[in-house]
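Here the structure comes first, spelled out in structure tokens, and everything after it is commentary.
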Amino acid sequence: MAGNKVYRASTTAPVNIAVVKYWGKRDAKLNLPTNSSLSVTLSQADLRTLTTASCSASYSDGDSLMLNGEPSDISGARTQACFRELRARRAALEASNPSLPKLSTLPLKIVSENNFPTAAGLASSAAGFAALVQAIANLYELPDSPSELSLIARQGSGSACRSLFGGYVAWRMGDKEDGSDSMADLVAPASHWPNMRALILVVSAAKKGVSSTSGMQQTVATSGLFQQRIAQVVPANMDLMEQAIKAKDFAKFAEVTMRDSNSFHACCADTYPPIFYMNDVSRAAIRAVESINAKAGRTIAAYTFDAGPNCVVYYLEEDAPTVLGAFAGVLNGVSGWKEDSVSAQSGAKLEDGIASTLKDGVSRVIMTGVGEGPLKTEEYLVGEDGQPV
Ligand code: DP6
């Protein structure tokens with residue numbers, strides 16, 4: 001008998017930002033994509049979700065989830081799918097080893113916190129579902145590999161499957177109808193190319209207009225351009241991107257990143273009615289990156305945009321003086337800008353029009369880099385008494 005004992009386990013999980021974008025579902029129920037995708041996992045020092053999963057016979061209200069201090073709805077099909085699959089795996093372990101406590105039968109209490117504002121539109125669902133799945137897997141002591149767990153996280157949110165790994169991560173679309181081969185795998189660990197940096201320009205903290213889930217469904221249903229993207233553009237970009245990462249070829253990495261972001265947003269514009277995620281500030285960020293590269297005479301910075309106006313600029317640590325130097329005059333004083341990281345003198349100045357649009361439009365910056373996958377931790381958000389702490 002499990003009695004009233006509280007079982008608990010904690011993990012942190014990272015955010016990832018795709019350089020070849022996932023956009024389109026071939027099966028909405030199993031959350032199977034129309035194309036493979038590839039992302040860079042960002043450092044948890046700056047962006048991470050901490051989640052404690054606990055279970056106890058004393059939890060009388062059934063399963064529950066607290067997110068950033070607020071009760072969160074768990075009745076949705078996605079969360080239910082994650083709970084069901086994890087419980088089934090635990091139940092299989094219990095069936096083969098009767099001495100194990102029957103945790104699969106106990107109510108779950110999950111408590112989760114982000115170290116960044118959820119509303120900033122920063123891929124919080126990816127870190128959130130990755131942390132939820134990893135925390136319950138730790139609680140249940142499942143032997144499953146990160147790729148196997150990614151099959152479950154995928155059903156919570158597609159991009160979450162890539163947050164089960166650190167470094168450079170591919171989500172292989174697979175071709176099986178049951179989705180059993182649609183999972184993430186490691187292209188290269190963070191240590192392979194550790195000097196990859198990311199400057200995130202937070203353009204708007206407002207909730208995005210069209211959610212990615214619904215936006216991509218509309219694109220699949222109406223865009224002709226999208227058919228070419230999934231048949232030709234993405235398969236070629238996946239190959240080029242993997243080669244660029246393996247060879248640590250930043251110029252190639254950057255070109256594919258920018259072309260793929262452009263292709264994704266072109267498909268959004270080709271959706272009927274059209275979807276616009278980028279705004280004038282986003283476009284100023286593109287011009288800034290182009291100007292930095294033109295003045296450097298080589299490609300040292302790459303922009304990419306998800307389903308919102310925020311810009312992520314990838315660059316290498318050794319080029320920080322030039323890349324950050326160009327932004328320094330504009331972003332000095334903006335929340336998150338590390339003044340001591342670079343001086344405004346070290347980079348070429350941005351044109352006045354670009355500089356003023358960015359100055360007015362960027363509300364916050366996050367300066368981070370490539371990082372590790374989920375990490376088990378002894379920090380708990382649920383006490384030994386089962387109460388949130
Ligand atoms: C533009 O993973 O949020 O960020 O599977 O419906 O939850 P669901 O979608 P989600 O879509 C992310 C789309 C993207 C590109 C990417 O991360 O690859």
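Since we're looking at a predicted model, the values are computed, not measured. One-based numbering, in listed order, for ligands and for the atoms of each.
Proximity to Arg78 (heavy-atom distance under 4.0 Å) selects the following atoms of ligand 1: 6 (O), 7 (O), 8 (P). Heavy-atom proximity to Thr213, at under 4.0 Å, picks out these atoms of ligand 1: 6 (O), 7 (O), 8 (P). Under a 4.0 Å criterion applied to the non-hydrogen atoms of Met216, ligand 1 contributes the atoms 9 (O), 11 (O). Counting atoms of ligand 1 from 1 in the listed order, those under 4.0 Å from a heavy atom of Asn31 are 5 (O).
In terms of N/O distances under 3.5 Å, ligand 1 is approached by Gly158. Between Tyr22 and ligand 1, a contact under 3.5 Å exists for at least one N or O pair. Looking at Arg162 next to ligand 1, an N or O pair under 3.5 Å apart turns up.
Checked for salt-bridge contact, Arg162 and Asp185 miss the test: no charged N lies under 4.0 Å from a carboxylate O. Between Asp249 and Lys246 there is no salt bridge, since no side-chain N of the basic residue sits under 4.0 Å from a carboxylate O of the acidic one. Salt-bridge check for Asp280 with Arg287: failed, with every basic side-chain N at 4.0 Å or more from each acidic carboxylate O. A salt bridge is defined here as a Lys NZ or Arg NE, NH1 or NH2 lying under 4.0 Å from an Asp or Glu carboxylate O, and Arg87 with Asp63 meets this definition. A salt bridge links Arg172 with Glu242: the closest approach of a Lys/Arg side-chain nitrogen to an acidic carboxylate oxygen falls below 4.0 angstrom.
A ring-centre distance under 6.0 Å is found for Trp193 and Phe253.
Partners of Ser282 according to the side-chain hydrogen bond (donor to acceptor under 3.5 Å, both in side chains) rule, which considers only residues two or more places apart in sequence or in another chain, are Asn279. Remark: Arg84 pairs with no residue by the side-chain hydrogen bond (donor to acceptor under 3.5 Å, both in side chains) rule, at least two apart or across chains.
With a heavy-atom cut-off of 4.0 Å, Ile17 does not touch ligand 1 at all. Contacts with ligand 1 closer than 4.0 Å are made by side-chain heavy atoms of Ser212 only, the backbone lying farther away. Under 4.0 angstrom from ligand 1, there are no non-hydrogen atoms of Arg154.
The residue among Ser125, Ser39, Ala126, Ser157 with a heavy atom at the shortest distance from atom 7 (O) of ligand 1 is Ser157. The heavy atom nearest to atom 8 (P) of ligand 1, considering only Lys25, Gln217, Gln155, is found in Lys25.
In this structure, Phe264 counts as a contact residue of ligand 1, since one of its heavy atoms falls inside 4.0 Å of the ligand.
Under the side-chain hydrogen bond (donor to acceptor under 3.5 Å, both in side chains) test applied with Lys21, the options Asn35, Asp306, Asp260 reduce to a single match, Asp306.
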